[in-house]
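Note that these values count all heavy atoms, side chains included, but never hydrogens, waters or copies made by symmetry. Every value quoted in this text rests on a predicted model; they were computed, and no experiment measured them.
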Amino acid sequence: MPELPEVETVVRSLAPYLPGRRILSAEFDSRFVTPGNRRALAHKLAGRTIGSIRRRGKFIVILLDQGSLSVHLGMTGKLLLDGERTAHTHGVFTLDHGVLLYDDPRQFGRIEWNPRRIDKLGPEPLEIGLDDFVKRLRARKSRVKALLMNQSFLAGMGNIYVDEALFAAGIHPLAMASRLSVARAARLYQSIRETLTLAIEHRGSSISDYVDASGQRGNFQILHRVYGREGEACIQCAAAIRKIVVAQRGTHFCPRCQREPRR
DNA sequence: CTTAATGTTCCCCA
DNA sequence: TTGGGGAACATTAA
């Protein structure tokens, strides 16, 4: 469920409530979501006070009075404030006021103490400068779709927003990054910024079950122009949207607006 | 019954 | 060192 706009929305929905809260106790029951010693993790969290909550790439980072906690929502993870426990609730944070639940059917998400994975993330797409982005992009010999999904190149983009940004930029997902002109790379930079900014304004995309911490769905899915629209008419040229597989992910694009790169 | 799903990591190969 | 391809992780819905 979560790419940058969804994670940002979750963080914003928690920010008014979490800072200053004390974690009275924590419980974890999944060896996938919380690999390692779950009781030790719960023990480290008990008694901690939450300082702040922020987003880095697709990670939610909660700074504590001692140490920090990171939550990655994987594909189906949810952080819910005062929500109902289900068969897929794998984390429970009992606070001095309220309860924070981690719910994740597929258990691809991770809850980690002092995470080091975050150190390997590339720059934030809404913070990197144009020149830096263009230079980094054109230095890579990789399909542009695969590159934008690579979190060490750029942090936060996922399958939905890469497809949407490439459509907005008129770039084919199989185009080689190193062969994009400076002008086309610059257009991609702007398309990424506009797509992500608009998606955040619409509180993210709820394709199947994404909700923020208060259980509210996002609305950006109704504005998707290629993702999930295979066979439907392109909103710009009416050609049928095509779906192929790139980097093992369903990839949607307009064959007319995003021309096949010549090889 | 088979396939695909908003993600990441690891292994093998070029 | 870089990048591509495939498998794996667990669950559900179409």
Let's see if you can work this out: which of B/dT6, C/dG4, B/dT8 has an atom nearest to the side-chain heavy atoms of A/Lys58? B/dT8
Closest listed nucleotide, where the reference is the side chain of A/Arg140 and the choices are C/dG3, B/dT6, B/dT8: C/dG3
Can you identify which nucleotide, out of B/dT8, C/dA7, B/dT6, has its nearest atom closest to the A/Gln248 side chain? C/dA7
How would you summarise protein contacts on nucleotides 9-14 of chain C per nucleotide, using B for base, S for sugar-phosphate only and - for none, with heavy-atom distances below 4.0 Å? BBBS--
Rounded to the nearest Å, what distance is computed from the CG atom of residue A/Asp212 to the C1' atom of nucleotide B/dT6? 15 Å
Would you kindly check whether a donor in the side chain of A/Ser208 faces an acceptor in the base of B/dT6, or vice versa, at under 3.5 angstrom? yes
Atom-to-atom span, NZ of A/Lys120 to C1' of B/dT9 - whole angstrom: 10 Å
Can you tell me how far C1' of C/dG5 sits from CZ of A/Arg143, to the nearest Å? 12 Å
d(CG, A/Leu147; C1', C/dG4) in whole Å: 13 Å
Write down the distance between NZ (A/Lys145) and C1' (C/dG5), rounded to a whole number of angstrom. 16 Å
What stem regions, each of at least 3 consecutive Watson-Crick or G-U pairs below 3.5 Å, can be found for DNA chain C? B:2-5 with C:11-14, B:7-14 with C:2-9
What nucleotide among B/dT8, B/dA4, B/dT6 has an atom nearest to a side-chain atom of A/Pro2? B/dT6
Suppose you measure atom C1' in C/dG3 against the same atom in B/dT6; what distance do you get, rounded to whole Å? 24 Å
Mind checking whether A/His252 and A/Tyr227 have ring centres under 6.0 Å apart? yes
Between A/Asp103 and A/Arg85, does any side-chain N to carboxylate O distance fall below 4.0 Å? no
Taking the same atom, P, in C/dT1 and in B/dT8, what whole-Å distance lies between them? 23 Å
Could you tell me the separation between the CG atom of A/Leu41 and the CD atom of A/Glu112, rounded to the nearest 0.5 Å? 9.5 Å
What's the gap between B/dT3 and C/dG6 when it is taken at their P atoms, as a whole Å value? 15 Å
Among A/Glu8, A/Glu127, A/Glu124, which one satisfies salt bridge (charged side-chain N to carboxylate O under 4.0 Å, His left out) with A/Arg56? A/Glu124
